[in-house]
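Structure, as structure tokens:
Basis for what follows: all heavy atoms, side chains included, without hydrogens, waters or symmetry-related copies.
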Amino acid sequence: MTGVLLLCITISTPLAAPVSTAAEQVPAIVEAAAKLHVQRWADGAGLVEPNFSLNVVRGSRALAPCGRAVTVEAADTRQPARMRFIAVCAGADGWRYEFIVRAQVSARIAVMANDVGAGKILADEDVLLERHDISAIADSIADPKEAVGLSGKRALRGGEVLRSALLASPTMVKRGEPVRIVARREQIEVSMAGEALDSGARGSAVRVKNANGTVIRARVTGAATVEPLDMPAAISPPTE
């Protein structure tokens with residue numbers, strides 16, 4: 001999933017409103033808390049048309065009633081397929097009871113439309129949306145646009161679910177090769193030739209030697225193109 005579920009947050013559920021809680025009510029309270037948690041996570045992750053179901057698994061210890069409202073703590077929610085929630089009956093005579101909650105989550109996520117070789121930059125036609133079970137995938141990509149412009153660390157197969165761990169920003173500037181330095185200020189744009197002293201992906205900072213022989217720090221903006229990080233007070237092209 002494009003994000004990781006939050007860890008160790010406390011949830012109080014609307015179902016925990018009664019002054020006292022019967023033992024048979026506790027699993028339903030835990031399920032409601034887990035459902036709210038997964039829904040909030042799905043919304044935050046930007047999942048497209050998410051669907052999910054929950055299975056609450058209680059431990060072997062017998063449940064007891066609580067003389068007050070029961071609250072629920074999310075102890076470990078890193079993997080939807082196996083989350084840990086703790087029902088808490090506060091007070092000196094209270095108790096804590098751990099539940100395993102298994103969520104089956106599906107959504108329309110980015111998948112490969114065709115085979116692409118390792119290192120090749122992904123284009124719009126290489127990625128599409130398909131519904132998949134992502135319960136055990138922590139770094140799926142919800143928006144195909146997030147994958148376009150990246151490259152595979154290995155060969156990617158058609159139909160394969162795209163994950164952040166499989167992709168990397170391609171090297172746009174290579175050390176020792178010529179680059180175009182483009183400086184923009186308001187309506188003025190000036191460019192000059194330069195030489196990259198570092199390799200870098202889009203958005204990374206590299207050292208570049210400009211046509212005057214001065215070494216500057218620049219940000220990679222595209223293939224063999226950079227922009228100065230520290231804009232000069234006045235922009236002027238190199239003198240010939």
Show the numbers, then the answer: is there a side-chain contact (heavy atoms from CB on, under 4.5 Å) between L128 and V111? CA-CA 6 Å; L128 53 80; V111 301; 3.0 Å; yes
Check whether any side-chain heavy atom of [X] lies under 4.5 Å from a side-chain heavy atom of [Y], and answer yes or no.
X	Y	value
I137	R163	yes
R96	E73	yes
L162	L167	yes
L122	V116	yes
N55	E31	no
S199	V206	no
N210	I216	yes
V208	L197	no

Provide the full list of side-chain hydrogen bond (donor to acceptor under 3.5 Å, both in side chains) pairs with a residue in residues 216-229, sequence neighbours left out, each pair given once.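 Of all non-adjacent pairs touching residues 216-229, those that pass side-chain hydrogen bond (donor to acceptor under 3.5 Å, both in side chains) are R219-E227.
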Determine which pairs satisfy salt bridge (charged side-chain N to carboxylate O under 4.0 Å, His left out) with at least one residue from residues 202-211, sequence neighbours left out, and list them in order.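 Every pair satisfying salt bridge (charged side-chain N to carboxylate O under 4.0 Å, His left out) with a residue in residues 202-211: D198-R207.
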Which pairs count as salt bridge (charged side-chain N to carboxylate O under 4.0 Å, His left out) when at least one residue sits in residues 115-137, sequence neighbours excluded?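 Residue pairs passing salt bridge (charged side-chain N to carboxylate O under 4.0 Å, His left out), neighbours aside: E49-R131.
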When you measure from the side chain of [X] to the backbone N and O of [Y], does any donor-acceptor pair fall under 3.5 Å?
X	Y	answer
N114	G158	no
W95	A87	no
Y97	A64	no

Who passes side chain to side chain donor-acceptor pair (under 3.5 Å) against R108, sequence neighbours left out?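 With sequence neighbours excluded, R108 shows a side chain to side chain donor-acceptor pair (under 3.5 Å) to no residue whatsoever.
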Sequence neighbours excluded, which residues qualify as side chain to side chain donor-acceptor pair (under 3.5 Å) partners of R154?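 Applying side chain to side chain donor-acceptor pair (under 3.5 Å) to R154 gives E160.
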Of all the heavy-atom pairs spanning [X] and [Y], show the shortest one and how long it is.
X	Y	value
V101	A34	CG1-CB, 3.8 Å
R78	P80	O-CD, 4.0 Å
P27	R58	CG-NH2, 3.1 Å
I141	A147	CD1-CB, 4.4 Å
R68	T21	O-OG1, 3.1 Å
L47	A107	CB-CB, 4.1 Å

Sequence neighbours left out, what pairs pass disulfide (SG to SG under 2.5 Å) with at least one residue falling in residues 26-80?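 For residues 26-80, and leaving out neighbouring residues, the disulfide (SG to SG under 2.5 Å) pairs sorted by first residue read C66-C89.
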Who passes salt bridge (Lys or Arg N to Asp or Glu O under 4.0 Å) against [X], sequence neighbours left out?
X	answer
R61	none
D43	none
R84	E98

Can you measure from [atom1] ([X]) to [atom2] ([Y]) and round to the nearest 0.5 angstrom?
X	Y	atom1	atom2	answer
S151	I121	OG	CD1	6.5 Å
S53	K35	OG	NZ	11.0 Å
I29	F85	CD1	CZ	14.0 Å

For E189 and V182, run side-chain contact (heavy atoms from CB on, under 4.5 Å): C-alpha distance rounded to whole Å, both residues' side-chain angles, the deciding distance at 0.1 Å, then the answer. CA-CA 7 Å; E189 178 179 308; V182 180; 3.8 Å; yes
Check the pair V38, M83 against side-chain contact (heavy atoms from CB on, under 4.5 Å), reporting the backbone distance first and the verdict last. CA-CA 10 Å; V38 174; M83 301 179 290; 3.9 Å; yes
Check residues 168-179 and write down every donor-acceptor pair under 3.5 Å in which the side-chain atom is one partner and the other belongs to a residue at least two apart or another chain.
none

Starting from V88 and following side-chain heavy-atom contacts under 4.5 Å between hydrophobic residues (I, L, V, M, F, W, Y), which residues can be reached?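 Its cluster mates, by chain and number, are I86.
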Would you please name every residue forming a ring-ring contact (aromatic ring centres under 6.0 Å, His included) with F52, sequence neighbours left out?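 Expected list: none.
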Examine V161 and V48 and state if one hydrophobic cluster contains both, with Ile, Leu, Val, Met, Phe, Trp and Tyr joined whenever side-chain heavy atoms are less than 4.5 Å apart.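 No, separate clusters.
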Please determine whether residues I100 and L63 belong to a single hydrophobic cluster, defined as Ile, Leu, Val, Met, Phe, Trp and Tyr linked transitively by side-chain heavy-atom distances below 4.5 Å.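 I100 and L63: separate clusters.
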